[in-house]
Amino acid sequence: FVRPDVRESLQMVILGLPGAISILCTTARSYSINRILLSIADSTAIAAFSARNALSSSLSAISLGIGMTTLLLAGIVLGEEDRTSVRRLLKAALGYAAAGMGIIAAAAFLAAPFLASLFMSGNNVEVHALAVRCIRFYTLSMPFSALVYVIMNFLQGTKNIKLAHTVCI
């Protein structure tokens, strides 16, 4: 049995905090919106919001993947101490994130009626219409969310942890 080094363990926890904080904030946002919907709306709004959450879980994986790739490459480029490559990496990652998620968001916006029907059962027209609107509003945020993931992971990869913590909130 190898006894873990406390400093290394603490460093790993600190490096993982931005991602954990981001997930906690997302969870808190969903919980808060659910509570607000419970107090001012009915089950129709909650059903529509759950369709948006289900779609978000599926599509956010792409943003997370781009962000995690940026984290890995930023660590490698930083180790080489090549400032030009660091700048090129950030520009490329931001470009791919914006363009990729922009295309996916546009497709999801257009396909919102179909996507909403994937998460709805029955023929409740009111719930379906509200889910379509909810999904369409969500798609407007997708490219920006991808950019935040890239920036947060880039900052983590370049060991700018305090700023990464700030960005993820």
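Predicted model, so just to flag it, every value in this text is computed and none were measured.
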Between [X] and [Y], is there a shared hydrophobic cluster once you connect ILVMFWY residues whose side-chain heavy atoms come closer than 4.5 Å?
{"X": "L147", "Y": "I23", "value": "no"}
{"X": "L38", "Y": "I33", "value": "yes"}
{"X": "L89", "Y": "Y96", "value": "no"}
{"X": "V127", "Y": "F119", "value": "no"}
{"X": "L55", "Y": "F114", "value": "yes"}

Student check: side-chain heavy atoms of [X] and [Y] closer than 4.5 Å:
{"X": "F144", "Y": "V148", "result": "no"}
{"X": "V132", "Y": "R136", "result": "yes"}
{"X": "N153", "Y": "I66", "result": "no"}

- Task: For residues A93 and V150, report the shortest heavy-atom separation together with the two atoms involved.
- Result: CB-CG1, 3.6 Å
- Query: What are the two closest non-hydrogen atoms of M101 and P143, and how far apart are they?
  - Reply: CB-CA, 3.9 Å
Roughly how far, to the nearest 0.5 Å, is [atom2] of [Y] from [atom1] of [X]?
{"X": "S39", "Y": "L37", "atom1": "OG", "atom2": "CG", "result": "8.0 Å"}
{"X": "N53", "Y": "S60", "atom1": "CG", "atom2": "OG", "result": "10.0 Å"}
{"X": "F49", "Y": "I36", "atom1": "CZ", "atom2": "CD1", "result": "9.5 Å"}
{"X": "S145", "Y": "L64", "atom1": "OG", "atom2": "CG", "result": "8.0 Å"}
{"X": "I151", "Y": "T70", "atom1": "CD1", "atom2": "OG1", "result": "10.0 Å"}
{"X": "L130", "Y": "I135", "atom1": "CG", "atom2": "CD1", "result": "10.0 Å"}

Treating [X] as the side-chain partner and [Y] as the backbone partner, does any N or O pair qualify as donor plus acceptor under 3.5 Å?
{"X": "S141", "Y": "F137", "result": "no"}
{"X": "S30", "Y": "T27", "result": "no"}
{"X": "T166", "Y": "K162", "result": "yes"}
{"X": "S50", "Y": "A47", "result": "yes"}
{"X": "S56", "Y": "R52", "result": "no"}
{"X": "H128", "Y": "P113", "result": "yes"}

- Exactly one candidate in L73, N160, V86, L71 meets side-chain contact (heavy atoms from CB on, under 4.5 Å) with F154; the answer is V86
- Message: If you count every heavy atom of other residues, nucleotides or ligands that lies below 6.0 Å from M68 atom CE, does the total exceed 12?
- Response: no
